[in-house]
Amino acid sequence: MTTAGGGAARTAMEQAATLVGEAGAIVVSTGAGMSSESGVRTFRGRDGWWRERRAEELATPEALRRDPRLVWEWYAERLLASRELTPHPGYDALVRLEREGGARTTVVTQNVDGLHSRAGSRDVVELHGSLRSASCLDRCGEAPVTIDGELLSELPPRCPCGSLLRPDVVLFGEPLPEDSLRRAFRLAAKCDVMLVVGTSMLVYPAAALPHLALERSVPVVEVNTDATSITRHPGVVHLLGPAGEVLPELLAEAGI
Ligand code: OAD
């Protein structure tokens, strides 16, 4: 399919709009680039987290046990920052797609910032968990607690049983939440268009979802400010640009 850029950009947008306008079931798979225009840092970009910090120092169960204060400070910073943020127009476009488009639309996100739900998307699968709540690191059985200012007033927060609390996000080396993963793969196996927005396509199993679509000859519309490993695949329509601009344009072009 056509890759955007120069004179071909319009053609790619038109192709994508036709696909989205005629689809019966759409999966929108989003990554950190979806949130970047709302002020959330990506992981691997020029200003990404993993340029200054090592994932193993912050986002693993071992790191949490070794230096819980450091790890919690990082998550607290991200959580408090994300509370101040406003979803950009790309989020509103996805809400409109779900409510007013002709297709059953589900957002499957790797993001833990909750911005899709805050924007108004109803059907959201959070593959990497969420920063909203925390649970006992030693799984004592206590119910998860909301992460709020009070919980974060003394770091690291502890479970009533005395063990450390951990944010309910997926840490490196951990399996993804089973229900979310199963649902994401079931939807990816049934959709007739997949939108892939703002992910570097480097972290599995999330990165497997577009491949699952492409193996079934289901078209993939990729929105990204850069190229990824799937950009040149013949089944991919690549819309080069920021999600906050490209998604509203796509919806407008599709007449939604
Ligand atoms: P990355 O930081 O790896 O990739 C972000 C992608 O978004 C890149 O391909 C950018 O080109 C693109 N991008 C940046 N700004 C954009 C914009 N305004 N519009 C569209 N695209 C834009 O983030 P993810 O692929 O989400 O996992 O990373 C996946 C996982 O790696 C994260 O969930 C996290 C991380 O380690 C865990 O913490 C388990």
Side-chain angles (χ1 to χ4, degrees), residues 3-5 9 12-13 16 28-64 71-72 74-75 77-79 82 85-94 107-116 124-131 166-177 180-181 184 195-211 220-232 236-250:
T3 300
M13 181 60 82
V28 187
S29 175
T30 67
M34 178 74 205
S35 297
S36 70
E37 288 154 89
S38 283
V40 181
R41 284 173 70 175
T42 60
F43 293 93
R44 295 175 185 78
R46 207 167 354 110
D47 303 318
W49 283 110
W50 302 150
R51 289 291 170 106
E52 67 177 55
R53 312 294 276 272
R54 280 154 36 107
E56 344 33 295
E57 279 169 11
L58 290 170
T60 63
E62 297 74 30
L64 199 51
V71 174
W72 264 105
W74 184 61
Y75 281 111
E77 182 187 334
R78 288 173 61 196
L79 178 83
S82 72
L85 306 175
T86 318
H88 60 67
Y91 283 94
D92 302 333
L94 294 182
V107 173
V108 176
T109 188
Q110 297 172 74
N111 301 339
V112 295
D113 53 37
L115 283 176
H116 283 294
V124 181
V125 179
E126 292 177 314
L127 272 186
H128 289 178
S130 143
L131 268 179
R166 49 143 320 143
D168 288 334
V169 298
V170 175
L171 301 169
F172 279 98
E174 292 185 325
L176 272 57
S180 303
L181 188 62
L195 249 66
V196 181
V197 186
T199 173
S200 57
M201 288 288 300
L202 290 170
V203 174
Y204 282 79
L209 296 172
H211 290 291
V220 168
V221 176
E222 182 182 46
V223 179
N224 201 304
T225 47
D226 221 327
T228 71
S229 58
I230 59 164
T231 301
R232 289 187 172 280
V236 173
V237 180
H238 183 63
L239 300 178
L240 182 69
E245 291 171 24
V246 173
L247 289 172
E249 208 182 318
L250 175 61

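Computed from a predicted model, the values in this text were never measured in an experiment. Each ligand, and each atom within it, is numbered from 1 in the order the structure gives.
Which parts of ligand 1 touch Gly31 is read off a 4.0 Å heavy-atom cut-off, strictly below it: atoms 26 (O). Ligand-side atoms of ligand 1 in range of Thr199: 6 (C), 7 (O), 9 (O), 24 (P), 25 (O), range being under 4.0 angstrom from any heavy atom.
Here the protein heavy atom with the shortest distance to atom 14 (C) of ligand 1 is Thr225 OG1, 3.5 Å.
The shortest N or O to N or O distance between Phe172 and ligand 1 is not below 3.5 Å. Checked against a 3.5 angstrom limit, the closest N/O atoms of Leu171 and ligand 1 fall outside it.
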Got a list of side-chain donor-acceptor pairs under 3.5 Å for residues 169-176, not counting sequence neighbours?
| unit_1 | atom_1 | unit_2 | atom_2 | d |
| --- | --- | --- | --- | --- |
| Glu174 | OE1 | Arg166 | NH1 | 3.4 |
| Glu174 | OE1 | Arg166 | NH2 | 3.0 |
| Glu174 | OE1 | Leu171 | N | 2.8 |
| Glu174 | OE2 | Arg166 | NH1 | 2.6 |

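At a heavy-atom distance under 4.0 Å, atoms from both the backbone and the side chain of Arg44 approach ligand 1. When heavy-atom distances to ligand 1 are checked against a 4.0 Å cut-off, Glu37 comes that close only through its side chain, counted from C-beta outward. Under 4.0 Å from ligand 1, heavy atoms of Pro242 appear from its side chain as well as its backbone. Both the backbone and the side chain of Asn224 come within 4.0 Å of ligand 1, counting heavy atoms alone.
With Asn224 contributing its side chain and Asp226 its backbone, the two residues share a donor-acceptor pair below 3.5 Å.
Note that Arg51 lies outside the cation-pi zone of Trp49, set by a 6.0 Å cut-off to the ring centre and a 45° limit from the axis.
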